[in-house]
J.: 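I'd like to ask you about the structure that follows.
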Number of protein chains: 2
Amino acid sequence: MGTVDEPRWLNAEEQDTWLAVLAMAVWLPDAIDAQLQRDAGVSHFEYQVMAMLSMSPERTRRMSEVAALANGSLTRLSRTVDRLEKRGWVTRRPDPDDGRATLAVLTDTGWEKVVATAPGHVAEVRRLVLDPLTRTQVRQLHEIATRIRQVVQPEGSFPTLPAPGTA
Amino acid sequence: MGTVDEPRWLNAEEQDTWLAVLAMAVWLPDAIDAQLQRDAGVSHFEYQVMAMLSMSPERTRRMSEVAALANGSLTRLSRTVDRLEKRGWVTRRPDPDDGRATLAVLTDTGWEKVVATAPGHVAEVRRLVLDPLTRTQVRQLHEIATRIRQVVQPEGSFPTLPAPGTA
DNA sequence: CCGAGATACTTGACGGAACAAGTGACTGCT
DNA sequence: AGCAGTCACTTGTTCCGTCAAGTATCTCGG
């Protein structure tokens with residue numbers, strides 16, 4: 001239905017690609033959230049926070065590091081940790097090495113929550129992403145996502161995943 | 001489901017892939033939103049709504065169709081159209097063919113807004129997604145995203161873009 | 001060691017999105 | 001025709017995340 005002076009846009013193939021990417025970017029997080037909410041009563045972000053802590057030495061990490069690892073703002077993390085503290089899964093304590101910093105610590109109950117929740121979550125990740133794709137596609141996706149991430153993710157928050165667990 | 005000390009998780013390669021996908025799924029929409037907010041003062045969702053209308057016959061579509069095309073709920077669309085109406089870019093009118101339905105119409109001002117906004121948005125999509133990848137990777141991404149979308153997107157809302165039912 | 005500026009959070013105010021309930025309109029069965 | 005059930009929205013409430021401002025601590029130049 002193009003009038004001649006339609007807004008500048010992408011060619012058909014580019015647009016198809018972009019729309020598919022968009023739909024994926026919207027619905028995939030939504031589906032992941034839904035499974036966690038339904039089966040474990042936590043949001044994906046909350047789960048990520050606990051999962052990151054569970055993989056950290058002493059199950060402990062600085063707030064700002066956790067925020068970066070979970071791809072969220074410090075503000076958001078602060079509110080989230082409030083909720084997780086109320087549920088008894090995380091506690092805060094001051095960082096002895098830096099008076100400004102706060103350490104988030106996963107409690108034993110929190111650890112159990114992660115252990116109980118992880119299998120269902122992992123199964124969902126497999127079901128939605130890993131299984132429907134060929135091994136080749138998974139490799140391609142890895143490279144593509146890594147490349148886009150480099151372009152898109154704000155400087156500074158390019159996290160290396162947790163150091164070995166002394167848990 | 002075995003009993004393990006560590007929560008069941010993915011192997012290193014799978015986890016890398018998943019974390020990269022997650023980071024992309026978080027930061028890409030964020031970056032797209034940021035450009036639109038900065039340069040045009042609209043959210044990505046608002047832009048999508050207007051862009052979809054701009055590509056529709058008579059610049060008109062049913063609310064529920066627009067919602068599906070923009071990957072949003074009807075509730076969200078309703079609130080968003082409230083705002084777009086206040087800004088003079090969209091109007092509502094009842095569907096003559098179905099008294100339950102509401103048609104969203106892009107106004108002339110709204111059309112101009114889309115025309116003015118599209119080039120910057122398209123440039124950002126290219127900069128963040130299309131340009132950093134090889135042509136081959138773009139094709140791979142298309143297939144991968146389409147596949148995942150099939151698995152992840154709720155039944156029913158699998159939209160074809162152009163013409164509404166003048167069928 | 002003192003003060004200016006940066007850093008690491010926390011918190012108040014605000015806006016947007018989800019859930020659920022409500023309204024009016026269509027459909028299908030009898 | 002008439003009622004039950006569904007559908008297409010809209011709206012009240014509530015929660016969550018952001019922005020901006022506040023607090024406490026660290027760093028660094030002089």
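By convention in this document, chain letters (A, B, ...) are assigned in the order of the sequence lines, proteins followed by strands, and residues within each chain are numbered from 1. For clarity, every value in this text was computed on a predicted model and none was experimentally measured.
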J.: Could you state the atom-to-atom distance from CG of A:L77 to C1' of D:dG17 in whole Å?
T.: 12 Å

J.: Looking at C:dT10, I'd like to know if its phosphate oxygens (OP1 or OP2) sit under 4.0 Å from a side-chain N or O belonging to A:R76.
T.: no

J.: In whole Å, I'd like the distance from the CD atom of A:Q37 to the P atom of C:dA17.
T.: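 Between P of C:dA17 and CD of A:Q37: 18 Å.
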
J.: Can you measure B:H44 atom NE2 to C:dA17 atom C1' for me and round it to whole angstrom units?
T.: 17 Å

J.: Among C:dT10, C:dA17, C:dA20, find the nucleotide with the atom closest to the side chain of B:T75.
T.: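 Out of C:dT10, C:dA17, C:dA20, the nucleotide with an atom closest to B:T75's side chain is C:dA20.
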
J.: Do A:R149 and B:W27 form a cation-pi contact, if we require the NZ or CZ to be under 6.0 Å from the six-membered ring centre and within 45 degrees of the ring's axis?
T.: no

J.: Looking only at side-chain N and O atoms, does A:D39 offer a donor or acceptor that is under 3.5 Å from a partner on A:Q35?
T.: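 The answer is yes; a qualifying pair exists.
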
J.: Given C:dC9, is OP1 or OP2 found less than 4.0 Å from the side-chain N or O atoms of A:S64?
T.: yes

J.: Between P on D:dT18 and CG on B:D30, what's the gap in Å once rounded to a whole number?
T.: 8 Å

J.: Distance check needed: C:dA8 P versus A:R61 CZ, whole Å only.
T.: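 Distance, rounded to whole Å: 15 Å.
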
J.: To the nearest Å, how far apart are B:D95 CG and C:dG24 P?
T.: 19 Å

J.: Any idea which of C:dC9, D:dT11, D:dG17 is nearest the A:M63 side chain?
T.: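 Of all the options, the side chain of A:M63 is nearest to C:dC9.
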
J.: To the nearest Å, give me how far apart CH2 (A:W27) and C1' (C:dA18) are.
T.: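 Going from CH2 in A:W27 over to C1' in C:dA18 covers 12 Å.
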
J.: If you assign each of A:L74 and B:E46 to its closest nucleotide in DNA chain C, which residue comes earlier from the 5' end?
T.: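 That would be A:L74.
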
J.: Which residue, B:D97 or A:D82, contacts DNA chain C at a nucleotide closer to its 5' end, judged by nearest heavy atom?
T.: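 Nearest-nucleotide comparison on DNA chain C picks A:D82.
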
J.: May I ask you to say whether B:D108 pairs ionically with B:R59, meaning some side-chain N is under 4.0 Å from a carboxylate O?
T.: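 Counted as a salt bridge, because a side-chain N and a carboxylate O are separated by less than 4.0 Å.
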
J.: Both A:P96 and A:G72 contact DNA chain D. Taking the nearest nucleotide for each, which residue is further toward the 5' end?
T.: A:G72

J.: DNA chain D: B:T102 or B:R79, which has the more 5' nearest nucleotide?
T.: B:T102

J.: So which nucleotide from D:dT18, C:dT10, D:dA8 ends up closest to the side chain of A:S73?
T.: D:dT18

J.: Give a yes or no on whether the backbone of B:Q140 and the side-chain of B:E143 come within a donor-acceptor separation of less than 3.5 Å.
T.: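 Checking the backbone N and O of B:Q140 against the side chain of B:E143, no donor-acceptor pair under 3.5 Å is found.
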
J.: Counting the atoms with a prime plus P, OP1 and OP2 as sugar-phosphate, which does A:D98 contact under 4.0 Å by heavy atoms, base, sugar-phosphate, or nothing?
T.: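 Sugar-phosphate, no base atom in range.
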
J.: Nearest whole angstrom, please: distance from the C1' of C:dA17 to the CG of B:N71.
T.: 15 Å

J.: How long is the straight-line distance from CD of A:E65 back to CG of A:L77, given to the nearest 0.5 Å?
T.: 11.5 Å

J.: Which nucleotide in the set D:dT18, D:dA24, C:dG24 lies at the smallest distance from any side-chain heavy atom of A:R100?
T.: D:dA24

